[in-house]
Amino acid sequence: MTAAPHALRLRSGAGRGTLLAAILASGMVFLDSTVVNVALPRLGAELEATVADLQWTVNGYLLTLAAFVLLGGALGDRFGRRRIFLLGVVWFAVASVLCGLAQETGWLVVARFLQGAGGALLTPGSLSVLQSSFHPDDRGRAIGAWSGLAGVTTTLGPFIGGWLIDALSWRWIFFINLPLAVAVILAALRWVPESRDEDASRSGGKRFDVTGALLGALGLAGVTYALIDAPARGPRSLPVLLAALVGVLGAVAFVLVERRRGEAAMLPTGLFTSRLFSALNLFTVVVYAALGGFTFFFAVYLQNVVGWSAVRTGLATVPMTVLMLAGSPRAGALSARIGPRLPLTIGPVIAAGGLLLLRRVGPGTSYWVDVLPGVLLFGLGLTLVVAPLTASVLAAVADRFAGVASGFNNAASRVGGLLAVAALPLLVGLSGTGYEQPAELTHAYRGALAWCAGLLLAGAVTAGLLVHRPPRPGPPS
């Protein structure tokens, strides 16, 4: 049961204000998941970073975001979704300032860890606020608009970041979060209604699953460290083997602890009795691994091999933004009418075709002939995936688990990107300062995109075999 149930209508002032707060907040988190990729060449040169340093700059953020987003969702369900959402916004803004002030890679990586933790508090809150606040008749359209407009920031990020990097400094990609955070806070205080899961509050009191969160973080950190450090130390070196062992043991312990805690767990394992919920999250990991790997390599390659500026690199992905802006609400409506299986099967296949086309890009390349067709196909594939996936995940579980379900699905997407950024340089033989060597980076880029296309095709197979139409949502309880 949700305390003080609300039934906001999308066309009302409060409905539009709530949607605005959710979109801007999620946009900050999504923006910082992509914008850093454009800054990596400039950042690496100024801070004298290695490939491993660049990987940790991306993965430090993704690791804490993935590990603690589950806890963020559970905290929102228990203590108030708006309250935890606002705490996350403030935390994220402060950590962003620390990132912008970093003087060496160690400082930057630590600040990125903190930034990810703030994102873990606000990300599930932005979606669960929509799920719990809107009237059932408007809920699908609200989530579709959120998916499209918040997703746009993922692809708009490289363009904004490129302009800031060329005009000012890479540090401003973090400082830009301050005015966005202020806008979110004002909108949330004015329009967003408070809600919570009363059953979770009664059953768990004021306790929450810190043990589970820490074990999840330990599991991800161990595996990530092993993958990133393996190129420099060797895959059979003692530190790499110990890190991998710690990661595996942490993951196993996480599953055992969550199973023993039952519904008091941060991640109630009973959610996975829904085959649809399990299949959709497996799909999420695979598809977002491809997205994370592509965005990590593409921006660096265009600057260090093709020779484009940061802003031109960002402009290269603008067509994806336009497609997602125009198409995501329609994709959500199509999925509601015919079910998610077809969009989630066809979308990754189209996106994979785009990546295979982009493997041809090289020095002297033409944007219109060599880059644009691949970008358009990749963007069209993502457009078919994002809104149907989000709506289906939430529809696969009871409304009272909205925060936990959205938190886990966000975690799954971040884990996919985290593992791809950690593993792909190892798989394609990129290490040290190889990202500054055009021949070495070209070989790595083409290999990485082939791996990403394969992941997308695996996602299409997963959707085709395991995804079906979710049950229709019932009235709010």
Side-chain angles (χ1 to χ4, degrees), residues 30 32-41 44 51-63 65-66 151 154-155 157-158 220 223-224 226-228 230-231 282-306 313 316-317 320 347-361 371 374-375 377-379 381-382 385-386 410-431 434-435 440-460 462:
F30 297 160
D32 276 47
S33 296
T34 57
V35 71
V36 171
N37 292 303
V38 177
L40 290 177
V51 169
D53 293 328
L54 301 186
Q55 287 173 280
W56 277 116
T57 299
V58 174
N59 276 351
Y61 177 78
L62 292 177
L63 196 155
L65 181 58
T154 304
T155 47
L220 288 173
V223 172
T224 302
L227 290 171
I228 290 177
L282 174 62
F283 175 89
T284 299
V285 170
V286 173
V287 169
Y288 277 85
L291 174 61
F294 165 67
T295 54
F296 180 78
F297 276 91
F298 191 56
V300 177
Y301 180 77
L302 287 181
Q303 292 175 77
N304 285 2
V305 174
V306 182
T313 297
T317 60
M320 290 194 293
V349 174
I350 295 174
L355 293 189
L356 294 178
L357 287 179
L358 289 170
R359 292 180 76 241
R360 303 178 307 170
V361 172
V371 177
V375 166
L377 282 178
F378 188 70
L382 286 183
V385 165
V386 175
N410 273 282
S413 67
R414 307 310 164 192
V415 166
L418 173 76
L419 294 177
V421 172
L424 281 176
L426 174 63
L427 292 173
V428 299
L430 187 67
S431 63
Y435 70 96
E440 189 173 343
L441 180 56
T442 297
H443 174 78
Y445 166 80
R446 290 175 178 168
L449 261 62
W451 276 98
C452 291
L455 287 168
L456 288 166
L457 294 177
T462 300

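Source: prediction; values computed, not measured.
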Please report, to 0.1 Å, the donor-acceptor pairs under 3.5 Å made by any side chain of residues 348-361, with sequence neighbours excluded.
residue, atom, partner, partner atom, Å
Arg359, NE, Arg446, O, 2.8
Arg359, NH2, Arg446, O, 3.4
Arg360, NE, Leu357, O, 3.3

| task | Report yes if some heavy atom in the side chain of Leu455 is under 4.5 Å from a heavy atom in the side chain of Val287; otherwise report no. | result | no
Could you tell me if the side chain of Phe296 sits less than 4.5 Å from the side chain of Gln55, heavy atoms only?
yes
Across all chains, not counting sequence neighbours, the side-chain contact (heavy atoms from CB on, under 4.5 Å) partners of Asn304 are Pro41, Val300, Tyr435, Leu441
Show me the donor-acceptor pairs, under 3.5 Å and distance only, between side chains in residues 418-427 and residues at least two apart or in other chains.
none

Separation between CZ (Phe294) and OG1 (Thr317), nearest 0.5 Å, reads 8.0 Å
Sorted by chain and number, sequence neighbours left out, side-chain contact (heavy atoms from CB on, under 4.5 Å) with Ala458 holds for Val286
Heavy-atom closest pair (Ala66 atom, Arg414 atom, distance to 0.1 Å) is CB-CB, 3.6 Å
Residue pairs passing the side chain to side chain donor-acceptor pair (under 3.5 Å) test with at least one member in residues 283-297, sequence neighbours excluded, are Thr284-Asn409
So CH2 of Trp56 and CD1 of Ile228: to nearest 0.5 Å the spacing works out to 4.5 Å
When rounded to the nearest 0.5 Å, the distance separating OH of Tyr301 from OG1 of Thr442 is 4.0 Å
Those residues at least two apart in sequence (or on a different chain) that pass side-chain contact (heavy atoms from CB on, under 4.5 Å) with Ala299 are Asn37, Val38, Gln303, Thr313
When you compare the side chain of Glu440 with that of Leu430, does any pair of heavy atoms fall below 4.5 Å? yes
Open item on the list: Students often mix this up, so state it plainly: with edges at 30° and 60°, are the rings of Phe298 and Tyr445 parallel, tilted or perpendicular?
Closed with: parallel
Correct closest heavy-atom pair for Val371 and Ala316 would be CG1-CB, 4.4 Å
